[in-house]
*Asks:* 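Starting off with a structure, shown below.
Please read these numbers as outputs of a predicted model, since none were measured by experiment.
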Amino acid sequence: MKASLRVLLLFLLLTLAKATVAQNRIENVTRPKAPIKQFEKAEWTINLQVPFTNPYDQKEITLDMVLTSPSGKPLLLPCYFEKGNTNASEWKARFTPQEVGTYSWYFRLGGKNISDESKPEIFEARKGGKPGFLHKNDLYTFKFDDGTLFRGIGENVGWESRSFENDKWTYDYLLPTLSKNGANFFRTWMCYWNLPLEWKKVSSTKRYSNTQEYFHPGAIQRMEELLQLCDSLNLYFMLTFDWHGHLMENGGWKNSNYNQVNGGPAKTPTEFFTSQRAREKYKNKLRYIVARWGYSTNIGVWEFFNEVDNAAFTAADSVIIPHEAITQWHDDMSRYLKDIDPYQHLVSTSISHRDIAGLNAIAYLDFNQKHIYKHTGKIPSIYPTYISTFGKPYVIGEFGYRWEDADPKYGEEWDYDYKRGLWYGLFNPTPILPMTWWWELFDDRKMTSYFNSVKEINDQMLASGKGSFEPFEVTTDKLEAYGMKCGNKYFVYLLNNSPAELTSDISFEVKEGKIKEAQTFAPISRQYQKLTSFSTKNQELIMPRVKFAPRQEMVLILSSK
């Protein structure tokens with residue numbers, strides 16, 4: 001009798017389970033109409049009839065696209081909610097194939113009392129014309145999926161014009177200006193006045209309005225437009241998810257959706273990092289970002305925080321958020337982001353000038369960053385110090401003559417810093433050259449065209465060395481000098497870092513072969529001049545004495561047999 005009851009109970013449970021699945025199933029899948037190409041977005045629409053309260057809460061509901069690549073690699077792609085309700089909802093899957101060939105795929109629905117799978121199918125990915133996603137390569141370069149090497153040259157475009165700034169400063173103006181002047185990279189923020197994805201209450205902006213939606217519709221739309229623009233311009237960028245002001249009591253915290261007074265899960269900024277509910281909320285954001293925009297090859301880097309140390313310390317350097325909380329949070333979130341991102345975008349975070357204990361050593365952060373103001377001359381010494389300790393790339397995410405403001409009266413000093421900072425990066429181990437702040441000032445001062453000069457030498461370095469960078473010592477009288485051997489070419493950056501005219505001898509060791517050709521490159525004019533007067537003695541190349549005007553710079557390019 002007891003056995004019969006158990007069988008009956010089991011039958012009833014299975015029937016109930018099947019009924020639950022039947023009520024919460026995948027209704028329809030609309031496949032891409034156009035041919036699917038490698039490194040280009042393909043989009044599926046999935047119609048569900050599923051009960052939910054919050055479609056962005058993955059504890060409640062998730063939809064994933066489960067794929068197997070042509071090489072047999074398993075891939076899991078998060079999908080995102082587009083519109084609808086529990087009676088009929090529309091979801092999207094955006095996928096960019098990294099391989100050519102036959103993919104198998106199906107959709108898997110899960111969550112609280114929800115389970116269903118679509119019928120397995122296949123599609124063919126044809127060869128595309130793009131290089132793919134950026135990945136970590138070595139200390140000097142990133143590498144695209146197709147093997148093409150990349151060094152980032154550009155600046156910060158932290159946000160579009162705020163309500164009190166000139167309406168001119170938009171992505172639509174600034175990014176084409178960068179692209180046509182030799183830049184290939186920039187960095188931009190999500191915050192309550194720019195791409196305010198998680199902000200219901202915005203400020204200092206005419207572009208966005210307050211909303212009651214879980215994710216800000218205006219931010220979503222502008223992000224879509226930004227990706228289309230970057231794709232058309234062949235620009236890559238670092239997307240900064242958050243900035244330190246969010247967690248400042250006198251800053252963004254009072255309007256934060258994580259703040260308990262606004263219905264959020266955290267009582268304090270510290271609990272943003274330590275609360276389990278706050279972490280779950282943040283992971284919902286990460287999942288949505290990867291699902292909606294992870295397809296984009298133009299997103300070069302996910303960056304968690306801008307200058308997280310400025311939230312962790314007071315102005316007097318007293319700790320107000322425990323370092324271990326910030327480090328553990330970054331370890332958890334970077335691991336999670338790598339787990340859900342089928343494309344394995346680069347992941348980073350940044351500090352201003354104070355280190356957070358343990359942050360630089362996190363395994364799932366591909367590189368770390370520091371921001372340098374008023375100390376541009378120290379940039380060359382920062383890289384080897386960091387690399388010798390942690391063994392992975394380092395980036396100067398912001399630098400400049402001042403951090404307080406962009407007062408035009410300091411314009412010449414700004415310009416000088418702008419130029420030498422780029423060359424310091426090019427002649428040192430970093431995959432992204434130092435990026436200036438105060439983008440409006442430099443556009444006003446017509447400095448953007450200077451990127452063309454740096455690009456010209458960078459292209460020659462990559463073409464000659466094919467990824468080989470060998471720094472070497474250069475001997476001068478009083479000039480700053482940095483040498484880099486790339487393949488059969490020697491590149492030397494020379495700078496008179498003084499207000500007086502200097503005349504200097506220049507010499508360095510020729511490691512192999514003989515110098516057959518030498519020329520100078522003037523970064524301002526982008527003019528070359530052939531050098532015929534040089535000699536080699538005991539494998540040391542000696543240049544004639546060269547006269548340098550105050551703060552003059554020059555690049556020597558020498559080819560060996």
Side-chain angles (χ1 to χ4, degrees), residues 152-179 183-199 202-208 216 218-219 222-223 225-227 229-230 233 235-248 251-252 289 298-311 348-353 369-373 395-407 414 417-418 421-422 432-445 447-448 451:
I153 300 172
E155 66 184 4
N156 283 275
V157 180
W159 52 77
E160 297 185 273
S161 54
R162 291 172 287 186
S163 55
F164 51 87
E165 294 170 326
N166 190 328
D167 291 342
K168 170 184 177 180
W169 310 114
T170 64
Y171 292 135
D172 307 278
Y173 167 73
L174 291 162
L175 301 187
T177 303
L178 283 176
S179 179
N184 59 13
F185 196 82
F186 69 98
R187 174 175 174 264
T188 199
W189 291 8
M190 286 180 160
C191 52
Y192 61 64
W193 63 91
N194 195 71
L195 303 172
L197 184 65
E198 272 197 305
W199 293 87
V202 299
S203 182
S204 302
T205 177
K206 294 181 288 186
R207 188 168 288 105
Y208 304 100
H216 198 294
R222 193 56 176 150
M223 187 67 188
E225 294 165 355
L226 175 61
L227 292 181
L229 181 61
C230 290
L233 297 171
L235 273 177
Y236 300 87
F237 70 101
M238 186 186 307
L239 180 62
T240 306
F241 295 148
D242 223 327
W243 94 113
H244 58 278
H246 175 191
L247 301 181
M248 289 182 167
I289 288 173
N298 296 92
I299 297 176
V301 184
W302 308 121
E303 181 184 18
F304 286 113
F305 265 94
N306 171 79
E307 299 182 356
V308 69
D309 59 309
N310 282 334
S348 187
T349 199
S350 67
I351 59 167
S352 63
H353 58 286
Q369 302 174 65
K370 177 177 283 190
H371 297 169
I372 300 294
Y373 288 91
V395 168
I396 305 302
E398 295 177 20
F399 83 99
Y401 179 67
R402 288 165 56 84
W403 61 264
E404 298 92 338
D405 57 48
D407 192 328
W414 276 108
D417 256 32
Y418 178 104
L422 289 168
I432 301 174
L433 275 55
M435 293 184 285
T436 56
W437 194 251
W438 305 115
W439 52 96
E440 307 97 333
L441 172 72
F442 290 117
D443 186 79
D444 276 341
R445 294 187 61 79
M447 286 296 295
T448 313
F451 288 124

*Asks:* A side-chain contact here means heavy atoms from C-beta on lying under 4.5 Å apart; do F185 and L178 qualify?
*Replies:* no
*Asks:* When you check the gap from the basic side-chain N to the acidic O, do K206 and D167 get nearer than 4.0 Å?
*Replies:* yes
*Asks:* Would you mind reporting whether D242 and F304 have side-chain heavy atoms less than 4.5 Å apart?
*Replies:* no
*Asks:* Which pair of non-hydrogen atoms, one from W193 and one from S203, has the smallest distance, and what is that distance?
*Replies:* CB-O, 3.1 Å
*Asks:* Assert yes or no for the condition that the ring centre distance of F186 to F237 is strictly below 6.0 Å.
*Replies:* yes
*Asks:* If you take all heavy atoms of L433 and L422, which pair is closest and at what distance?
*Replies:* CD2-O, 3.5 Å
*Asks:* Can you check whether W437 and W159 have ring centres sitting under 6.0 Å from each other?
*Replies:* yes
*Asks:* Using 30° and 60° as the class limits, which term best fits the ring planes of W438 and W414: parallel, tilted or perpendicular?
*Replies:* perpendicular
*Asks:* Should R187 and E398 count as an ion pair when the cut-off is N to O under 4.0 Å?
*Replies:* yes
*Asks:* Does one side chain, of S352 or D309, offer a donor that lies under 3.5 Å from an acceptor on the other?
*Replies:* yes
*Asks:* Would you say the side chain of V301 lies within less than 4.5 Å of the side chain of V395, judging by non-hydrogen atoms?
*Replies:* no
*Asks:* Does E155 reach the side chain of Y418, with side-chain heavy atoms less than 4.5 Å apart?
*Replies:* yes
*Asks:* Could you give me the CA-CA distance, side-chain angles and deciding distance for W199 and H246, then say whether ring-ring contact (aromatic ring centres under 6.0 Å, His included) is met?
*Replies:* CA-CA 10 Å; W199 293 87; H246 175 191; 4.9 Å; yes
*Asks:* Take L229 and E225 through the test side-chain contact (heavy atoms from CB on, under 4.5 Å) and record every step on the way to the result.
*Replies:* CA-CA 6 Å; L229 181 61; E225 294 165 355; over 6 Å; no
*Asks:* Working to the nearest 0.5 Å, report the span between CG of N194 and CG of L226.
*Replies:* 9.0 Å
